[in-house]
Structures are given as structure tokens and as C-alpha cells.
A.B. asks: 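Here it is: the structure, laid out below.
Both counts, for ligands and for their atoms, begin at 1 and track the order of listing. Computed from a prediction, not measured in an experiment: that's the story for all the values here.
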Amino acid sequence: MKNHPMPMNLAKWIHHFGVANRRNRIEPAWNAPLAMADEKRKALAATLAEYQLGDGGGPCKLIARDAERLRASDDEVKEVIDLWFKEEAEHSRLLGGAVRRLQGEFVTDTFAFRLFKLCRRALGAQYEMLVLLLVEIISTAYYHVICRHCDDSPIAHMCLLILRDEGGHVTFHRERLSSLYPTGVSRAWKAQFWALGVACAVFLWLGHGKWLRTIGAQRTEFFDLVTRGLNRFINRLRLAAERQPSTQADGHERDWRAGYAAHSTVAIPTR
Ligand SMILES: [Fe+2]
Ligand SMILES: [Fe+2]
């Protein structure tokens with residue numbers, strides 16, 4: 001497992017993406033009657049059309065310079081990455097259904113999308129996966145907001161399907177990072193995580209806030225969901241590190257404690 005790019009239980013995730021999460025997926029009733037004020041319909045169509053491009057609509061694969069090297073490193077790594085992106089492509093397809101339902105116009109390029117690709121390419125594939133993880137946490141807040149305020153069953157249904165997938169993606173990344181940092185992440189890593197996460201959320205609100213406000217969402221509502229998502233991720237990463245099987249150092253300490261206990265009647269304080 002040493003130097004393996006994903007030293008985790010990949011078979012479990014291949015089964016999740018390839019089999020378990022494909023069950024019970026009912027297509028939203030796109031042709032159901034639409035009763036929505038014109039202003040709201042246009043705002044919803046505009047925000048979802050831009051999201052359709054970013055959420056699986058652009059290059060639906062890892063695009064960092066060393067992405068192919070990562071995929072080629074191991075058959076299971078390749079399979080799990082491809083299955084994860086297959087779900088992202090499904091999000092784009094679902095969002096396309098929503099844009100058509102709302103008679104919106106598809107978007108093929110935006111400044112935000114070009115910047116997003118630039119960030120993903122900036123450093124290696126591990127960094128790109130961190131950027132994508134943050135986008136998944138921020139997207140979870142976005143889809144919750146859309147689901148709450150869209151007042152349309154097929155679009156709410158679509159949000160729930162995507163949220164179900166994104167929940168799996170975030171957990172996949174949590175397990176991936178736990179396997180790379182079994183004793184926990186550093187303060188610098190956490191600072192980078194928060195800085196990038198907040199920057200990503202601010203950027204999303206700058207671009208989509210006007211449309212989200214039109215459908216009835218509040219800025220505080222969105223940022224509250226983002227903060228909770230980022231916090232939850234860091235807390236679960238910490239809990240996973242605390243639950244990790246004993247590390248080498250712990251093993252040494254256990255041996256030392258056992259040896260000490262055999263020769264002394266003085267209790268050793270426990271942590
Ligand atoms: Fe997605
Ligand atoms: Fe995702």
C-alpha cells in the first residue's frame with residue numbers, strides 16, 4: 001500500500017458507484033405541467049444552465065497534468081475514478097432535462113467555467129481532487145437551496161437524485177483522504193481547505209446569487225449550508241483519524257506500556 005495513490009477499500013466504492021447507487025433511480029417527470037412565474041422560471045433556467053456546464057457538462061474526467069498517470073497506476077483506481085465521473089455526467093444529463101423543462105438556453109462557456117478548469121489544472125491530480133471535493137460540498141449547499149425554493153416537483157426530484165450522489169462522492173473523498181492521512185490532516189491542510197472552500201462559495205454566489213435571490217433564497221441561508229458542510233467534513237475526517245487502527249508509533253507505545261506494566265506496580269497515565 002506504500003505510495004499507492006488511494007490506499008483505501010476501492011472495491012467497496014466500485015460496487016457503490018457501479019451497482020448499489022444505480023438502483024432505484026426514477027427519472028423526474030420532466031413533462032409534468034409547469035406552473036411557475038416567468039421571472040422565477042428564467043432565473044432558475046439561467047442558474048441551472050450554468051451549473052449544467054460545470055457539473056459534468058465540461059470535460060468529465062480528471063484534467064490535471066498527471067491525471068493519466070494516476071489512472072494508469074492501478075486498475076481499481078482507474079475504475080473508481082471513471083465510475084465517479086460517470087455519475088457526474090449523469091448530473092449534467094439531469095440538469096439538461098431541467099433546463100429544457102424551463103425552456104432555458106444551454107451555456108457552452110463562461111468565465112467561471114474557464115477559471116474552474118484553470119484551478120483544476122494548476123497542480124497535480126491530488127490537488128484537482130481536493131478542488132473537486134470542495135465543489136461537491138459547495139454544490140450540496142447549492143442543490144439544497146434549489147430544492148427548497150424551486151416549487152417544482154420534477155426539479156426538486158432531480159436535486160434529490162444529485163444530492164444522493166454527491167453525498168457518496170463526499171464520503172468517498174473523506175475515506176480517500178483518511179487513507180492518505182491516517183493520523184489526521186495538518187493545520188496547514190485545514191487552512192487551505194477552508195480558504196479554497198470559502199473562495200469557491202463566494203465565487204458561486206457572485207455568479208449565481210442574483211438568480212438564487214430571485215427564486216427566494218437568501219445569502220445567509222446558502223453560506224450557512226456551506227459552512228456546515230465544510231465543518232462536517234473536517235469533523236468526520238478528525239473522527240476517522242481517531243478511529244484508525246493503531247499506527248506504528250501507537251504499536252511501539254503499546255509494547256512499551258506492556259513491558260513497563262510487567263515490571264512495575266505504578267499505573268501509567270492513559271491519554
Ligand atoms: Fe456532480
Ligand atoms: Fe460529485
Side-chain angles (χ1 to χ4, degrees), residues 6 8 10 12-22 25 27-28 44 47-64 67 70-71 77-99 106-107 110 112-113 115-117 119-120 125-147 150 154-177 193 196-197 200-201 203-204 207-208 212 222 225-226 228-230 232-233 236-237:
M6 291 188 190
M8 60 195 286
L10 289 168
K12 168 185 148 182
W13 285 102
I14 289 169
H15 182 265
H16 172 82
F17 292 139
V19 182
N21 200 38
R22 289 189 183 177
R25 295 185 79 94
E27 187 70 6
L44 204 49
T47 183
L48 293 177
E50 274 208 15
Y51 232 83
Q52 191 267 341
L53 181 63
D55 195 353
C60 198
K61 58 179 186 175
L62 288 177
I63 57 174
L70 173 73
R71 283 177 74 250
V77 167
K78 178 179 181 298
E79 195 173 355
V80 85
I81 289 175
D82 292 352
L83 287 168
W84 159 37
F85 276 99
K86 212 165 180 181
E87 289 199 352
E88 298 300 356
E90 171 64 2
H91 298 170
S92 176
R93 186 192 71 79
L94 287 167
L95 286 158
V99 172
F106 284 91
V107 176
T110 63
F113 184 59
L115 193 69
F116 178 46
K117 285 194 289 184
C119 286
R120 289 171 57 181
Q126 294 287 354
Y127 175 78
E128 184 184 5
M129 285 192 281
L130 170 64
V131 171
L132 291 172
L133 156 67
L134 286 161
V135 168
E136 293 182 314
I137 295 173
I138 310 304
S139 294
T140 299
Y142 171 82
Y143 287 117
H144 269 296
V145 164
I146 298 284
C147 192
C150 66
I155 292 176
H157 181 173
M158 173 202 75
C159 290
L160 294 176
L161 280 171
I162 298 178
L163 283 168
R164 160 181 155 176
D165 297 344
E166 298 297 12
H169 297 180
V170 172
T171 306
F172 164 69
H173 285 295
R174 209 258 298 133
E175 289 191 12
R176 183 178 64 77
L177 289 164
F193 175 87
L196 281 170
C200 178
F203 198 73
L204 188 147
H208 292 250
L212 295 179
F222 172 70
L225 285 164
V226 167
R228 275 196 267 166
L230 294 170
R232 194 181 308 122
F233 189 85
R236 291 193 176 159
L237 210 51

A.B. asks: Under 2.8 Å from the Fe ion (ligand 2), is there any N, O or S atom belonging to Glu166?
C.D. replies: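 Under 2.8 Å: Glu166 contacts the Fe ion (ligand 2) through an N, O or S atom.
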A.B. asks: Working to the nearest 0.5 Å, report the span between CD1 of Ile162 and CD of Glu87.
C.D. replies: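 Taking CD1 in Ile162 and CD in Glu87, the distance rounds to 11.0 Å.
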A.B. asks: State whether Glu88 contributes an N/O/S atom found under 2.8 Å from the Fe ion (ligand 2).
C.D. replies: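 So Glu88 counts as coordinating the Fe ion (ligand 2), yes.
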A.B. asks: Quick one: are the ring centres of His208 and Phe222 less than 6.0 Å apart?
C.D. replies: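 No, ring centres 6.0 Å or more apart.
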A.B. asks: Answer yes or no for Asp55: is there an N/O/S atom below the 2.8 Å cut-off from the Fe ion (ligand 1)?
C.D. replies: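 Given the 2.8 Å cut-off, Asp55 counts as a ligand of the Fe ion (ligand 1).
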A.B. asks: Could you identify the N, O or S atom of His91 positioned closest to the Fe ion (ligand 1)?
C.D. replies: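 For His91, the N/O/S atom sitting closest to the Fe ion (ligand 1) is ND1.
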A.B. asks: Does atom NZ of Lys117 have more than 12 heavy-atom neighbours from other groups under 6.0 Å away?
C.D. replies: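 Yes - once you tally the heavy atoms of other residues, nucleotides and ligands closer than 6.0 Å, there are more than 12.
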A.B. asks: Is His169 close enough to the Fe ion (ligand 1) to have an N, O or S atom under 2.8 Å?
C.D. replies: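 Not a single backbone or side-chain N, O or S atom of His169 is under 2.8 Å from the Fe ion (ligand 1).
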A.B. asks: Considering only heavy atoms from C-beta outward, does the side chain of Glu136 approach that of Glu88 to under 4.5 Å?
C.D. replies: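 Side-chain contact under 4.5 Å: yes.
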A.B. asks: Answer yes or no as to whether an N/O/S atom of Glu136 is found below 2.8 Å from the Fe ion (ligand 2).
C.D. replies: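 Yes.
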A.B. asks: Under 3.5 Å, is there a donor-acceptor pair linking the side chains of Tyr142 and Asp55?
C.D. replies: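 Short answer, no.
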